Amino acid sequence: MNLSEAIYTPGEIVYVIYRNPHTQNVANIQEAAVVNDPDNPGQLAVFLYETYYPLTDELAIYRSAEEAETAYNYYFGAIDE
């Protein structure tokens with residue numbers, strides 16, 4: 001079991017900073033669900049855009065939208081006018 005899996009439970013709603021796979025300089029915050037991984041019994045996954053992503057430490061997962069927005073602004077910066 002991954003260390004990250006110990007703190008999440010199936011059915012929990014989380015927020016993920018997700019990079020567009022077609023345009024790498026585009027990222028956004030997306031709501032996702034923690035689920036049991038159908039391809040790997042006994043493991044958890046994040047269900048996002050009709051796809052199961054293994055729950056790993058490489059995912060930027062946050063428990064609230066506010067936490068995700070703070071991290072997004074830190075890593076990607078806010079646009080100054």
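Computed from a predicted model, the values in this text were never measured in an experiment.
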Practice problem: Could you give me the CA-CA distance, side-chain angles and deciding distance for Leu44 and Asp37, then say whether side chain to side chain contact (heavy atoms under 4.5 Å, CB included) is met? | Solution: CA-CA 5 Å; Leu44 297 176; Asp37 190 335; over 6 Å; no
Quiz prompt | Trace of the side chain to side chain contact (heavy atoms under 4.5 Å, CB included) decision for Phe76 with Ile17 | solution = CA-CA 11 Å; Phe76 296 99; Ile17 296 178; 3.8 Å; yes
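Separating the CG atom in Leu55 from the CD atom in Gln43 is a distance of 9.5 Å, to the nearest 0.5 Å. Taking CD of Glu66 as the reference point, atom CD1 of Ile29 lies at 9.5 Å (rounded to 0.5 Å).
Side-chain contact between Tyr72 and Asn28 is absent, with no heavy-atom pair separated by less than 4.5 Å. Side-chain contact between Val35 and Pro10 is absent, with no heavy atoms from C-beta onward closer than 4.5 Å. Taking the side chain as every heavy atom from C-beta outward, Tyr8 and Arg63 approach each other to under 4.5 Å.
Note: the hydrophobic cluster containing Ile13 does not contain Phe47 (ILVMFWY, side chain heavy atoms under 4.5 Å, direct or indirect links). Cluster membership for Val34 and Val16, using ILVMFWY side-chain heavy atoms within less than 4.5 angstrom, is shared.
Remark: Tyr15 pairs with Glu31 by the side chain to side chain donor-acceptor pair (under 3.5 Å) rule, at least two apart or across chains. Applying the ring pair (Phe, Tyr, Trp, His ring centres under 6.0 Å) rule to Tyr53 yields no partners; only residues at least two apart in sequence or on another chain are considered. In this structure Tyr49 satisfies the ring pair (Phe, Tyr, Trp, His ring centres under 6.0 Å) test together with Tyr18, sequence neighbours excluded.
The backbone N or O of Thr9 lies less than 3.5 Å from a partner atom in the side chain of Glu12, making a donor-acceptor pair.
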